[in-house]
Amino acid sequence: MSQAQIIQQVQQVFNKLSQNHSQPMSKETIIRFLDQQSNKMYDRVLFEQLYTRMKKSGDGQVTINDFISILMEALQSLKNKISILEQQVAQKQLKVDDDQLHLQQLQTIEEYNSHKICQGSKIRITIIDAKIQFPGNTRVAIILGSDDTKYSTKPANRQNAVWNEKFEFNIITGQEEIYIVILDEELIEKQEIGGQAKLNLKDFYDQKPHDISLELKDKYGVVLYSTINLRVQWIHSQTKYFKESIKENQQVIDDLSQDINEYKSDILQLFYPFDEKQQNQTNERYIVTEQSTIQQVHDFQFYDTSQAQLWVKLALAFTLFYFILILIASLFKTQFIDLTVLFYSLYYYMNNNKLLSLLHFKIITTMIVVTIIFDIVWFVIFTNPWTTNSVLFFQLEHSFQMYEVIISYIILGIKVILICIYVNLYLMCPDKRANIYDAQYELIFGQRSVDNEKQDAYSFRNTNHYLQQSFSKNF
């Protein structure tokens, strides 16, 4: 389907909302329409990614044309990412095929010596460039050596010492050391060097290319003469090298293929509300699911609402009394745990005073039980003077301690009462397993999909990451 056809199809769907696509609309109006067209909740995070890039009026309204424009930009960005990844997959697949061919040839002919090093093992060193830090005016060169083999780079200007020259050394035992020195024409005449270092083969046993910066110092290893950049790779087993290369490249192919599938899934998620075929296929199933959802809403209520509200008001009154006593007790000791419980409880009362969620009953009750455990430990420590008759009430600190203990006992009683109220409310609920879903649950965990068989089909688990990357890199 061409881009023009896609735009036409999206416009036809939006005609159900308004024939005037230049008319400003609120964000809520558009998102409700997308929910209706999807027969489920359009992902809010995905919508926000699109909404933040639209042109908005002073009160935050947008037009349908702006939404379609941003939607098509997102589509093109994702398609570009898919194209790039597919090219990378093709390149990696060619490398895998080539390595497999070499591996088949080597498995029958490769031989190893007594040091478990393959015949013809080599270490490859590429001298890239250097930063010269010792004084002089003449050109510089790098000397490499191991046993009886020595190499030298071409002389280079010391202000811009760049070589990019490659050298190879045969490796037999794996204990060889590669010596590297730097010198200039003046030091050659004096038979001196401008710095030295050596390479240990054990550092390159993984057979992977290593880009390193090597410091060349004097013979005492104190004065820094130069820093050179080089690339080193030692192949001690070609069979093992090609096996690891195939494994790594195949893993990259799998990761890239997964990314491609996720990008394609993201496109389907973006345009799900505008796919009429999907809507027709799921319409009948949605009606059935909607009826069951309405039935669940009816089952969600308490049997005796008035009685439950009475207990809720009682719990709120004790919570406020609990809050006042905690503020007083805070003058003598830190009550951070109790304050956390109170802030959570009061916030919940302000947002859902009917307390229709057993989830919050469990959370608040559990938090109160934790505070009681802390109180018991505190009582054991601070009531000990009374049990041993060692309290001196005429001292000010002991008076504060006495008042604090008394207030803490009152608070402990209130906590027990609150737990009893919440347990009673919990027991009044007809369906303790299903009745844990409300606005707060949706706010924290997201709305449950009405289509259980395709509950992952509209997940924003990967869309947020990749779409954000696509927008930031391609817009």
Side-chain angles (χ1 to χ4, degrees), residues 84 87-88 91-92 94-95 98-99 102 117-118 120-238 240-242 244-245 248-249 252 473:
I84 294 173
Q87 293 176 7
Q88 295 177 359
Q91 294 174 357
K92 291 295 181 181
L94 290 175
K95 183 67 169 62
D98 187 54
D99 289 346
H102 284 88
I117 305 295
C118 70
S121 173
K122 297 179 181 295
I123 183 170
R124 296 177 176 87
I125 302 174
T126 302
I127 305 295
I128 301 174
D129 55 25
K131 181 180 180 182
I132 310 304
Q133 296 175 259
F134 64 93
N137 299 313
T138 57
R139 296 179 300 174
V140 295
I142 304 293
I143 306 298
L144 302 88
S146 176
D147 296 333
D148 296 331
T149 304
K150 292 182 181 180
Y151 297 104
S152 174
T153 64
K154 297 179 180 179
N157 190 325
R158 67 189 309 123
Q159 283 76 28
N160 184 26
V162 178
W163 291 279
N164 288 319
E165 297 186 29
K166 300 179 181 180
F167 306 94
E168 290 184 352
F169 291 90
N170 294 324
I171 302 299
I172 299 176
T173 66
Q175 304 297 322
E176 292 87 350
E177 291 183 338
I178 311 297
Y179 292 90
I180 300 178
V181 300
I182 187 170
L183 44 79
D184 60 10
E185 295 171 348
E186 296 176 359
L187 293 176
I188 293 176
E189 295 177 358
K190 299 178 182 179
Q191 296 184 352
E192 297 179 358
I193 61 175
Q196 61 184 356
K198 64 180 180 179
L199 299 177
N200 192 336
L201 292 185
K202 294 181 180 179
D203 297 334
F204 313 103
Y205 192 78
D206 58 4
Q207 303 195 112
K208 296 180 180 180
H210 292 260
D211 293 321
I212 62 175
S213 293
L214 193 62
E215 294 183 345
L216 305 183
K217 299 182 179 181
D218 63 0
K219 60 182 179 180
Y220 302 106
V222 177
V223 181
L224 177 62
Y225 283 146
S226 303
T227 302
I228 64 172
N229 297 314
L230 61 158
R231 176 171 297 173
V232 183
Q233 185 179 21
W234 174 34
I235 304 297
H236 55 80
S237 172
Q238 296 188 55
K240 183 178 179 181
Y241 169 76
F242 284 114
E244 292 175 350
S245 177
E248 292 177 1
N249 285 308
V252 172
K473 292 182 178 180

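This structure is a prediction, so every number in the text was calculated from the model and none was measured.
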Quick check for you: to the nearest 0.5 Å, what is the distance between [X] atom [atom1] and [Y] atom [atom2]?
X: Ser237; Y: Gln207; atom1: OG; atom2: CD; value: 5.5 Å
X: Ile117; Y: Ile171; atom1: CD1; atom2: CD1; value: 8.5 Å
X: Asp211; Y: Ile128; atom1: CG; atom2: CD1; value: 5.5 Å
X: Asn160; Y: Lys131; atom1: CG; atom2: NZ; value: 13.5 Å

- Item | With Arg231, the side chain to side chain contact (heavy atoms under 4.5 Å, CB included) member among Ile125, Thr126, Ile212 | Thr126
- Message: Tell me whether the count of non-hydrogen atoms from other residues, nucleotides or ligands lying under 6.0 Å of CG in Asn164 goes above 12.
- Response: yes
Would you say that [X] contacts [Y] through its side chain, given a criterion of any heavy-atom pair below 4.5 Å between the two side chains?
X: Ile123; Y: Val232; result: yes
X: Ile228; Y: Asp129; result: no
X: Cys118; Y: Lys240; result: no
X: Asn249; Y: Asp99; result: yes
X: Glu176; Y: Leu201; result: yes
X: Leu230; Y: Leu214; result: yes
X: Ser226; Y: Phe134; result: yes
X: Ile143; Y: Leu183; result: yes

- Item | Working for salt bridge (Lys or Arg N to Asp or Glu O under 4.0 Å), residues Glu168 and Lys166 | CA-CA 7 Å; Glu168 290 184 352; Lys166 300 179 181 180; over 6 Å; no
- What's the verdict on side chain to side chain contact (heavy atoms under 4.5 Å, CB included) for Ile127 and Leu144, showing C-alpha distance, side-chain angles and the deciding distance? CA-CA 10 Å; Ile127 305 295; Leu144 302 88; 4.0 Å; yes
- For Glu165 and Lys154, run salt bridge (Lys or Arg N to Asp or Glu O under 4.0 Å): C-alpha distance rounded to whole Å, both residues' side-chain angles, the deciding distance at 0.1 Å, then the answer. CA-CA 9 Å; Glu165 297 186 29; Lys154 297 179 180 179; 5.6 Å; no
- Item | Trace of the side chain to side chain contact (heavy atoms under 4.5 Å, CB included) decision for Val252 with Lys92 | CA-CA 8 Å; Val252 172; Lys92 291 295 181 181; 4.1 Å; yes
Closest heavy-atom contact between [X] and [Y]?
X: Gln133; Y: Thr227; value: OE1-OG1, 3.4 Å
X: Tyr241; Y: Ile235; value: CD1-CD1, 3.5 Å
X: Ala141; Y: Pro155; value: CB-CA, 4.4 Å
X: Trp163; Y: Val140; value: CZ2-O, 3.8 Å
X: Leu216; Y: Ala197; value: CD2-CB, 3.4 Å
X: Trp234; Y: Lys122; value: CD1-O, 3.3 Å

- Task: Go through the steps to decide whether Asp184 and Arg139 satisfy the test salt bridge (Lys or Arg N to Asp or Glu O under 4.0 Å), and finish with yes or no.
- Result: CA-CA 6 Å; Asp184 60 10; Arg139 296 179 300 174; over 6 Å; no
- Query: For Leu94, which residues count as a side-chain contact (heavy atoms from CB on, under 4.5 Å) partner, sequence neighbours excluded?
  - Reply: none
- Candidate pair Lys208 and Glu248, rule salt bridge (Lys or Arg N to Asp or Glu O under 4.0 Å), full reasoning: CA-CA 11 Å; Lys208 296 180 180 180; Glu248 292 177 1; 3.3 Å; yes
- In terms of ring plane angle, is the pair Tyr205 and His236 parallel, tilted or perpendicular, where the classes change at 30° and 60°? parallel
- In terms of ring plane angle, is the pair Phe167 and Tyr151 parallel, tilted or perpendicular, where the classes change at 30° and 60°? tilted
- Show your reasoning for whether side chain to side chain contact (heavy atoms under 4.5 Å, CB included) applies to Val181 and Tyr225. CA-CA 10 Å; Val181 300; Tyr225 283 146; over 6 Å; no
Closer than 3.5 angstrom, by distance alone: can the side chain of [X] be matched with the main-chain N or O of [Y] as a donor-acceptor pair?
X: Asn200; Y: Lys202; answer: yes
X: Asp218; Y: Val222; answer: yes
X: Thr138; Y: Glu185; answer: yes

- Message: Is the positively charged end of Arg124 above the ring of Phe204, judged by distance under 6.0 angstrom from the centroid and angle within 45° of the axis?
- Response: no
- Stepwise, does the side chain to side chain contact (heavy atoms under 4.5 Å, CB included) test hold for Leu199 with Ile180? CA-CA 8 Å; Leu199 299 177; Ile180 300 178; 4.0 Å; yes
